[in-house]
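Being a predicted model, the structure only gives us computed values, none of them experimental. No hydrogens, no waters, no symmetry mates; every other heavy atom, side chains included, goes into these values.
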Amino acid sequence: MPHPHLFGLGLRKPHYADFLEAAAPVPVDFVEVISENFMVPGGRPRDILRRVRERHPVALHGVSMSIGSADGVDRDYMQRLRALVDAVEPLFVSDHLCWTRFGDFQSHDLLPLPYTEEALRTVCDNVDAAQTALGRTMLIENPSSYIAFDGADMTEWAFLDALCARTGCELLLDVNNIFVSATNHGFDAHAYLAGIPAARVRQIHLAGHSRGETLLIDTHDRPVPDPVWALYAEALERVGPVATMIERDDAIPPLAELLAELDHARAIAALRVAA
């Protein structure tokens with residue numbers, strides 16, 4: 001059965017009042033929050049999330065599960081995330097194909113993995129452990145990257161395909177990250193889309209990026225650019241109706257501007273369905 005087209009925004013502090021105080025709900029199908037910002041037992045963050053959840057479905061998106069860590073996922077982290085999952089009953093729970101932690105050191109950065117069979121076994125073990133701890137299927141997001149390891153056994157998209165096959169996890173496809181990484185590493189973004197397991201994609205992220213001196217940087221600080229919109233249209237032809245979300249984490253504009261971008265995503269999706 002195909003998934004419905006859903007269209008959402010990342011919930012950020014400048015827009016809390018829009019979501020909590022407006023007489024009518026904001027016209028989105030869901031909101032996504034950064035899990036770690038709400039993994040506390042109470043206080044203002046959880047109260048805000050509870051009130052938003054009364055109006056909108058919520059997706060939880062993590063940035064520090066570190067599913068690529070050789071020493072496994074952190075038990076305390078998983079317990080706190082499970083408590084949040086049980087309280088929110090989220091639409092999705094997601095995190096990134098990366099590592100952030102080594103022992104007690106937390107980098108707070110999404111560090112790349114070597115795409116080798118050995119790394120794949122580690123990631124599969126960690127995803128299995130995470131899904132067991134959460135009692136649900138996770139979505140794994142493709143990262144943006146700026147360096148790559150020598151000696152890879154497979155492409156990133158082949159790695160994701162194998163990960164889904166072995167663990168039953170699903171995908172959060174970040175179209176901007178595909179464009180950024182393809183530009184930085186010189187691979188074919190169209191081959192990436194052709195190689196992912198389309199039936200496993202449940203959600204799509206759209207965002208803007210910046211151009212550094214030699215690389216594109218996934219900054220989430222500007223509107224979605226035309227090449228990413230074009231890649232989004234191509235992705236929809238592969239994966240069909242899925243949840244789509246606009247991410248903005250810096251230089252956050254008024255909510256109306258993000259809603260206009262979301263309307264553009266709706267228009268592209270409508271054309272793909274009509275075709």
Side-chain angles (χ1 to χ4, degrees), residues 1-8 32 59 61-62 65 67-68 91-99 110 112-117 119-124 126-128 130-131 137-145 148-149 152-207 209 216 218 224 227-247 265 268-269 272-273 275:
M1 178 181 296
H3 306 300
H5 264 315
L6 302 174
F7 297 90
E32 184 182 270
H61 185 52
M65 185 179 291
I67 63 166
L91 188 64
F92 307 118
V93 179
S94 61
D95 210 296
H96 299 78
L97 182 67
C98 71
W99 64 280
L110 308 178
L113 291 168
Y115 295 128
T116 62
E117 181 61 35
L120 178 61
R121 289 194 297 269
T122 295
V123 173
C124 287
N126 291 343
V127 169
D128 283 339
Q131 292 186 141
T137 301
M138 282 193 63
L139 275 57
I140 304 301
E141 178 182 348
N142 57 293
S144 56
S145 60
F149 289 88
D153 298 333
M154 63 196 87
T155 61
E156 182 175 290
W157 52 95
F159 193 101
L160 287 168
D161 187 29
L163 176 63
C164 290
R166 296 187 193 185
T167 67
C169 73
E170 296 179 308
L171 296 181
L172 193 174
L173 188 68
D174 192 310
V175 175
N176 180 64
N177 287 355
I178 295 175
F179 182 81
V180 166
S181 294
T183 302
N184 290 344
H185 300 303
F187 65 73
D188 185 348
H190 309 291
Y192 195 115
L193 289 178
I196 59 167
R200 297 285 191 172
V201 176
R202 295 295 308 279
Q203 186 182 358
I204 287 176
H205 273 179
L206 296 169
H209 54 263
L216 297 186
D218 180 32
V224 180
V228 175
W229 284 123
L231 203 60
Y232 172 59
E234 183 179 340
L236 290 182
E237 292 176 357
R238 280 274 295 142
V239 306
V242 293
T244 295
M245 199 205 82
I246 304 289
E247 284 189 297
I268 292 173
R272 300 278 74 74
V273 171

Passes side-chain contact (heavy atoms from CB on, under 4.5 Å), Gln203 versus Leu91? Steps please. CA-CA 10 Å; Gln203 186 182 358; Leu91 188 64; over 6 Å; no
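- His209 has its side chain within reach of Phe179: a pair of non-hydrogen atoms, C-beta onward, lies under 4.5 Å apart.
- Inter-residue side-chain proximity for Val242 and Leu173 is flagged as unmet; no heavy-atom pair is nearer than 4.5 Å.
- Looking only at side-chain heavy atoms (C-beta outward), Thr116 and Phe149 stay at 4.5 Å or farther from each other.
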Test Leu110 against Asp218 for side-chain contact (heavy atoms from CB on, under 4.5 Å), laying out the working first. CA-CA 11 Å; Leu110 308 178; Asp218 180 32; over 6 Å; no
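- Taken to the nearest 0.5 Å, the CD1 atom of Ile178 stands 5.5 Å off from the CG atom of Leu231.
- Across Arg200 and Cys164, no two heavy atoms sit closer than the pair NH2-O, 3.6 Å.
- The line from CG of Leu172 to CG of Leu97 is 12.0 Å long, rounded to the nearest 0.5 Å.
- Put simply, the side chain of Arg202 does not reach to within 4.5 Å of the side chain of Ser94, judged on heavy atoms.
- Distance CD1/Ile67 to NE2/His96: 10.0 Å, rounded to 0.5 Å.
- Listed for the Trp229 side chain is a donor-acceptor partner under 3.5 Å among the backbone atoms of Val224.
- Judged purely by distance below 3.5 Å, without hydrogens or angles, the side chains of Tyr232 and Thr244 pair a donor atom with an acceptor atom.
- Residues His5 and Leu236 are in side-chain contact: their nearest non-hydrogen atoms beyond the backbone lie under 4.5 Å apart.
- Of all non-hydrogen atoms in Asp174 and Glu141, the two that sit nearest each other are OD2-OE2, 2.8 Å.
- Atom CG in Leu120 sits 4.0 Å away from atom CZ in Arg166 (nearest 0.5 Å).
- Atoms OG1 and CG, from Thr155 and Asp188 in turn, are 11.5 Å apart once rounded to the nearest 0.5 Å.
- Annotation for Ser145 and Pro112: closest pair CB-CB, 4.5 Å, computed over non-hydrogen atoms.
- For the atom pair Arg238 CZ and His190 NE2, the distance stands at 13.5 Å (nearest 0.5 Å).
- Contact between Gly195 and Asp161 at its shortest, heavy atoms only, is O-CB, 4.3 Å.
- Across Val228 and Leu206, no two heavy atoms sit closer than the pair CG1-CD2, 4.1 Å.
- Between His61 and His205, the ring-plane angle classifies as perpendicular under the 30° and 60° cut-offs.
- Looking at Gln131, its side chain does come within 3.5 Å of a backbone N or O of Thr167 through a donor-acceptor pair.
- Across Leu163 and Cys169, no two heavy atoms sit closer than the pair CG-SG, 3.8 Å.
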